[in-house]
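First comes the structure, then the notes that go with it.
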Amino acid sequence: MINEKEVRWFILRIRNSSPGRLVAMNDRLQDEATVVDTYYPRAFMKVSDEKMDFAPSLVNFIYVRISMENLRKLKGNKTAYDHLSYIMHPVYDEKYNKSIEPLYLSDKKMEEFMRITATENEKIIFFNNLDYACKPSQGVQITEGAFAGVKGRVKRIRGNKCIVVTFGREVALAITGVGRSQMRYLTAEEMEEE
C-alpha cells in the first residue's frame with residue numbers, strides 16, 4: 001500500500017494530449033505549491049518538414065513528484081486537471097489479496113530514467129511493443145559509458161542487439177550500441193534489486 005504522505009514519482013497520463021498541451025500541463029503543475037518536481041522526456045526529432053528540435057517524445061505521459069495525499073487534492077480540481085489520469089497497476093499484500101493503486105517509480109529508477117532521456121542521443125529508442133519489452137530475457141547491467149549502472153534486458157530489435165529498460169510497464173527504452181565488453185550479466189535476484 002502507498003504511504004499517503006511519502007513523496008514519490010507518479011506516472012500520469014494526459015488524455016487527448018499534444019506537445020503544446022503537455023508543455024502547458026507541465027507549466028501548470030510546476031505552479032502548484034504541493035508539486036515537488038515534474039518531468040517529461042524530450043528527444044531530438046523532426047518537428048516539421050524542414051526543422052529538427054528537442055521536443056517531447058512521449059506526449060501522453062508526465063511524471064510528477066508529489067505525495068499521494070496532495071495528488072488526490074490536485075486531481076480534485078476538475079477544471080484545471082480534468083485531462084490528467086492515474087495509471088493503475090495491481091499490487092498484492094502478504095496474504096496475496098489483490099488491489100490496485102496508482103503507478104509510481106522510486107527515486108532511483110526515476111533518476112535513471114531522467115539520465116537516459118535527458119541526453120540528445122541517437123542510441124536511445126522509445127520502444128512501442130511493451131509486451132515484447134517485458135518478456136523475460138537475460139538481465140544485464142551496463143558497466144561503461146554514459147549509461148553505466150543501468151539495468152535492462154538483452155533483446156534483438158530489427159536484427160540489432162539492444163538493452164531494453166522498462167519503467168513501470170508503461171514506458172520502455174532501447175539502448176543501442178552497447179558492446180558485450182560494456183555489460184555485466186546479472187542473476188534474477190540482481191535484476192530484482194532496486
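Side chains of L173 and F126 form a contact here, defined as non-hydrogen atoms less than 4.5 Å apart. Looking at heavy atoms from C-beta onward, S18 lies out of side-chain contact with V59 at the 4.5 angstrom threshold. The shortest distance between side-chain heavy atoms of V150 and V165 falls below 4.5 Å. Annotation: side chain of M88 is in contact with side chain of P102 (closest heavy-atom distance under 4.5 Å).
Here the shortest heavy-atom pairing between F167 and I11 reads O-CD1, 4.2 Å. Of all non-hydrogen atoms in L12 and I87, the two that sit nearest each other are C-CD1, 4.5 Å. For the residue pair T117 and P41, the shortest heavy atom distance occurs at CB-CB, 3.8 Å. Of all heavy-atom pairs between T38 and V35, the closest is CG2-CG1, 3.7 Å. Contact detail for I157 and A174: the closest heavy-atom pair is CD1-CB, 3.6 Å. When every heavy atom of K151 is checked against every heavy atom of E112, the shortest pair comes out as N-OE1, 4.0 Å.
When hydrophobic clusters are built by joining Ile, Leu, Val, Met, Phe, Trp and Tyr residues whose side-chain heavy atoms come closer than 4.5 Å, directly or via intermediates, V178 is grouped together with Y185. A continuous path of hydrophobic side-chain contacts links Y132 to V164 [ILVMFWY only; heavy atoms under 4.5 Å].
If you run salt bridge (Lys or Arg N to Asp or Glu O under 4.0 Å) between E111 and each of K108, K109, R115, only R115 comes through.
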Next item on the list: For M183 and Q138, run side chain to side chain contact (heavy atoms under 4.5 Å, CB included): C-alpha distance rounded to whole Å, both residues' side-chain angles, the deciding distance at 0.1 Å, then the answer.
Entry: CA-CA 11 Å; M183 65 178 87; Q138 177 62 54; over 6 Å; no
Check: For V7 and I66, what are the C-alpha separation, side-chain angles and deciding distance, and is it a side chain to side chain contact (heavy atoms under 4.5 Å, CB included)?
Finding: CA-CA 5 Å; V7 175; I66 191 171; 5.7 Å; no
Check: Can you list the steps and then say if Y86 with K75 is a side chain to side chain contact (heavy atoms under 4.5 Å, CB included)?
Finding: CA-CA 9 Å; Y86 301 114; K75 290 269 301 138; 3.7 Å; yes
Check: How far apart are the C-alpha atoms of L58 and Y40, what are their side-chain angles, what is the distance that settles it, and do they pass the side chain to side chain contact (heavy atoms under 4.5 Å, CB included) test?
Finding: CA-CA 7 Å; L58 298 171; Y40 61 91; over 6 Å; no
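Between H89 and Y104, the ring planes lie perpendicular to each other; the angle is over 60°, past the 30° to 60° tilted range. Relative ring orientation between Y39 and F113 is described as perpendicular, the plane-to-plane angle rising above 60° on a 0-90° scale split at 30° and 60°.
Rounding to the nearest 0.5 Å gives a distance of 7.5 Å between NZ of K135 and NZ of K155. How far CG of L29 is from CD1 of I14: 7.5 Å, rounded to the nearest 0.5 Å. One distance of note links CZ of F10 with CG of L84; it measures 12.0 Å at 0.5 Å rounding. With rounding to the nearest 0.5 Å, the separation of CD in Q182 from CD1 in I142 is 8.0 Å. Note that CD1 of I2 is 4.0 Å distant from CD of E101, once rounded to the nearest 0.5 Å. The CZ atom of R13 sits 13.5 Å away from the CD1 atom of I62 when rounded to the nearest 0.5 Å.
Not counting sequence neighbours, F61 has no partner by the ring pair (Phe, Tyr, Trp, His ring centres under 6.0 Å) test. The side chain to side chain donor-acceptor pair (under 3.5 Å) search around E6 returns R8, not counting sequence neighbours. Qualifying side chain to side chain donor-acceptor pair (under 3.5 Å) partners for D82, counting only residues two or more places apart in sequence or in other chains: none. Contacts of E69 classified as side-chain contact (heavy atoms from CB on, under 4.5 Å), with partners at least two apart in sequence or in another chain: E4, K5, S67, K73. Residues that satisfy the side chain to side chain donor-acceptor pair (under 3.5 Å) test with R65, not counting sequence neighbours, are D107.
Grouping Ile, Leu, Val, Met, Phe, Trp and Tyr residues whose side-chain heavy atoms lie under 4.5 Å apart, directly or via other members, leaves Y92 alone, with no other cluster members.
Looking only at distances, a side-chain donor or acceptor of Q141 sits under 3.5 Å from a matching main-chain atom of G149. Judged by distance alone, the side chain of R21 and the main-chain N or O of N16 form a donor-acceptor pair under 3.5 Å. A donor-acceptor pair is defined here as one N or O able to donate and one able to accept, closer than 3.5 Å; no such pair exists between the side chain of N77 and the backbone of Y81. Without hydrogens or angle criteria, K161 side chain to R180 main chain gives no donor-acceptor distance under 3.5 Å.
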